[in-house]
Amino acid sequence: MNKYVKDYLLRGLIFSGLGPVVGGCVYLFIELSGERLVLNGYEVFLAIITTYIIAFVHAGSSVFPTIERWSKVKAMFVQLLSLYSVYTIGYLINSWIPFKIEIIAIYTSCFIGGFLLIWLFAIISSKIVSNKLNAKLMNIKNQQK
């Protein structure tokens, strides 16, 4: 089995259990906000399964940026596509967002904007860290001469 497939599955399995916990917290916060929440067994089951799958894919997709032979743009695009797909389908199945074009357009804009902002932060952070490490290595190299 491919190393990256194993990593994807392992990461997904390790963190997927957090999905239902997050889902439960969301329902708790809705209830604490004063909104009366009534769910039937089907809705609870669907929310648990959906949040499990979302967490699995979310954690697993963190392997894409580690694939050395992929460009950063390809890794970012594949990760965006996988996350957007699973979140959107999950949200629509559970009626967490209505199936209206204008709502989905706003959701899509926010999702892509947030995703790009997180990637930008990650790229800038890794550049800063790598520059510091390179400076330290150059310092050590110069001291050994």
Does [atom1] in [X] sit with more than 12 non-hydrogen atoms of other residues, nucleotides or ligands closer than 6.0 Å?
X      : atom1 : value
Leu137 : CG    : yes
Glu102 : CD    : yes
Lys132 : NZ    : no
Phe15  : CZ    : no

Distance (rounded to the nearest 0.5 Å) between [X] [atom1] and [Y] [atom2]:
X      : Y      : atom1 : atom2 : result
Thr88  : Phe99  : OG1   : CZ    : 11.0 Å
Ile14  : Phe56  : CD1   : CZ    : 10.5 Å
Cys110 : Phe115 : SG    : CZ    : 15.0 Å
Lys136 : Asn131 : NZ    : CG    : 12.5 Å
Tyr8   : Ser62  : OH    : OG    : 9.0 Å
Leu133 : Ile128 : CG    : CD1   : 12.0 Å

Would you name the heavy atoms of [X] and [Y] that are closest together and state the gap between them?
X     : Y     : value
Tyr87 : His58 : OH-ND1, 2.9 Å
Ala75 : Phe64 : CB-O, 3.5 Å
Gln79 : Pro65 : OE1-CG, 3.9 Å
Tyr52 : Gly17 : CE1-N, 4.1 Å

Honestly curious: do [X] and [Y] fall in one hydrophobic cluster under the side-chain, below-4.5 Å linking rule?
X     : Y     : answer
Ile89 : Leu46 : yes
Val86 : Ile48 : yes
Leu83 : Leu13 : yes
Leu81 : Ile53 : no
Tyr91 : Leu18 : no

Short side-chain to backbone donor-acceptor contact, [X] and [Y], under 3.5 Å:
X      : Y      : result
Asn139 : Ala135 : no
Ser130 : Lys127 : yes
Gln144 : Lys141 : no
Asn94  : Trp96  : no

Min side-chain heavy-atom separation [X]-[Y] under 4.5 Å:
X     : Y     : value
Trp70 : Val78 : yes
Arg69 : Tyr4  : yes
Thr66 : Val63 : yes

Subject >> Ring geometry between Phe111 and Tyr107 (parallel below 30°, tilted from 30 to 60°, perpendicular above 60°) >> reply: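 The rings of Tyr107 and Phe111 sit tilted, inter-plane angle from 30° to 60°.
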**OP:** Give a yes-or-no answer on whether the side chains of Tyr84 and Thr108 include a donor-acceptor pair shorter than 3.5 Å.
**Re:**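 There is such a pair (donor and acceptor under 3.5 Å, judged by atom type) between the side chains of Tyr84 and Thr108.
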